[in-house]
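Each remark here refers to the structure printed beneath this line.
By convention in this document, chain letters (A, B, ...) are assigned in the order of the sequence lines, proteins followed by strands, and residues within each chain are numbered from 1.
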Amino acid sequence: MPDPARINHHLTESLLLAYATGELPEAFSIAVAAHLSLCDECRARSMTFDVLGGALLETHAEVLSDGALAATLARVRSEGPAPTPRTPVPADVLPAPVRGYVGGGLDAVRWRPLGGGVKQAILYRDEHATARLLSIAAGAAVPDHGHAGTEITLVLAGAFSDGIGRFGPGDVELADEDVDHQPVADPGGDCICLAATDARLRFHSFVPRLAGQIFGI
Amino acid sequence: MAFDTSPGLAYRGPVPPALLAGRARTHGHNNVNETSDDRPLWADEMRALSERRDESAFAALFAHFAPRVKAYLMRSGSAPDLAEEVAQDVMATLWRKAHLFDPAKASVNTWVYTIARNRRIDILRKRARPEPDDLPWGHEAEADQADALALQQESERLAAALTRLPEKQRVLVERAYYGDLSHREIADETGLPLGTIKSRIRLGLERLRHHMS
Ligand SMILES: [Zn+2]
């Protein structure tokens, strides 16, 4: 995994809150889960939102029907414990949540060339958003990169630079339609990124301010 | 929320009255949970469940958490029947995964919340929720106990702060969690003690990474 101390660009409160509350489209959740696998700072922020969820859970209750406990016990009594999850597989460029969608490590990715030294592999797509892996050859630029909505790009290997800054392993770039950027991979080696895009997401709308002001962590 | 691409799924009705808005501390089948001076809430029940499949411990956990999970689901827009079914599901998961619960990592209500949230995404939102890499959390008995207790105390401070929030802000926080943040509202700083919990969790992660390397 990349050195967490060298991650400079992190997830926003609004993304972490949306992930914690279950409101994030799946494609974006892949990118968030992947960053959380690499970044303890954001992981701690994310787990803090879970603690708040637990505190909220305590505040309201609804009566269950008679026999609910008995019915549940009848279902589980004869069952053994769930299997303990396997320990993490040896480090791959791809964090576990990404491997889950690839069906293996980086070797298993089925790349499609886009031309100009750029390849992509769609990981997941639904009516809300798309998640894809991008491989940008050293020194190559991602071709015209207009997007109508929000895009999260997580660097998994190598680095790229654009008008906003330089992004290395573990870094996240969050861009909305106002950002006109053309990422160029560092000359040192191929840059592998995970990008989640949705034309309809608008992060510059109220949520970032709201979450930032309410939660401010 | 802002990512409201499926308005039909979000709960838009009035907020139901709190039927049983109580402090976590008022439960307990045998007083072991009446004080957290030396043990986190529900830690004994979780251990009894994990080690002995203790049904009375499960009954106590069920009595406290099943109604809360049901309320969470109903407030997230699910019908009472479905909410009850899912609440039973969540409690069944708690039974099956009791041995995976680690009190140094989360308090029981946090853990139950994450299980309920994931079931809600599954069933109501009909999508998966990819999770980060699983971390092999350490098991050093002493540090663990201190961590568990400190985390519990911070969580309780948070719960208390939540009840003291001005109504308008509390509702906003709730709506974020019930998937119903659709209005453009601006809130001031609430002063919820999230920073201290984050620092504590962060410290635990640092220690864990240290041990792993
Ligand atoms: Zn981060």
For this session: Report yes or no: is the cationic atom of B:Arg129 (NZ for Lys, CZ for Arg) under 6.0 Å from the centre of the six-membered ring of A:Tyr19, at an angle within 45° of the ring normal?
Result: yes
Exercise. Does A:Glu62 pair with B:Arg75 as a salt bridge, N-O distance under 4.0 Å?
Worked result: no
For this session: Would you please classify the geometry between the A:His9 ring and the A:Phe167 ring as parallel, tilted or perpendicular, with 30° and 60° separating the classes?
Result: tilted
Exercise. Contact part of A:Tyr101 toward chain B, heavy-atom cut-off under 4.5 Å: side chain, backbone, both or neither?
Worked result: side chain
Exercise. Judged by atom type as modelled, is there a donor-acceptor pair below 3.5 Å linking the side chain of A:His60 to the main-chain atoms of B:Lys70?
Worked result: no
Seminar exercise, completed: Taken in chain and number order and not counting sequence neighbours, the residues that satisfy side-chain hydrogen bond (donor to acceptor under 3.5 Å, both in side chains) with A:Glu41 are B:Lys198, B:Arg202
Exercise. B:Ala66 versus chain A, heavy atoms under 4.5 Å apart: side chain, backbone, both or neither?
Worked result: both
Seminar exercise, completed: When the 4.5 angstrom heavy-atom criterion is applied to B:Ser107 and chain A, the contacting part is neither
Exercise. If you tally heavy-atom pairs under 4.5 Å against chain B, which of A:Gly53, A:Ser29, A:Pro95, A:Pro83 wins?
Worked result: A:Gly53
For this session: Heavy-atom pairs under 4.5 Å with chain B are the metric here; pick the option from A:Ala34, A:Ala96, A:Ala82 that has the most.
Result: A:Ala82
For this session: Before accepting this row, confirm whether a basic side-chain N of the pair A:Arg166/A:Asp171 lies closer than 4.0 Å to the acidic partner's carboxylate O.
Result: no
Problem set entry | A:His10 and A:His35 aromatic ring geometry - parallel, tilted or perpendicular at 30°/60° bounds | perpendicular
Exercise. Which atoms of A:Ala68 come close to chain B, meaning under 4.5 Å heavy atom to heavy atom: side chain ones, backbone ones, both, or neither?
Worked result: both
Seminar exercise, completed: Cut-off 4.5 Å, heavy atoms of chain A, and the answer for B:Asn118 is neither
For this session: Find the one option among A:Ala71, A:Ala55, A:Gly100 whose heavy-atom pairs under 4.5 Å with chain B are most numerous.
Result: A:Ala55
Exercise. Quick one: of A:Glu26, A:Arg75, A:Glu79, who has the most non-hydrogen atom pairs under 4.5 Å with chain B?
Worked result: A:Glu26
For this session: Could you tell me which of A:Val32, A:Leu73, A:Val98 has the largest number of non-hydrogen atom pairs under 4.5 Å with chain B?
Result: A:Leu73
Problem set entry | N-O pairing of A:Arg43 and A:Asp40 below 4.0 Å | no
Seminar exercise, completed: Note: vs chain A, highest number of non-hydrogen pairs under 4.5 angstrom among B:Asp89, B:Val108, B:Leu73, B:Val69 is B:Asp89
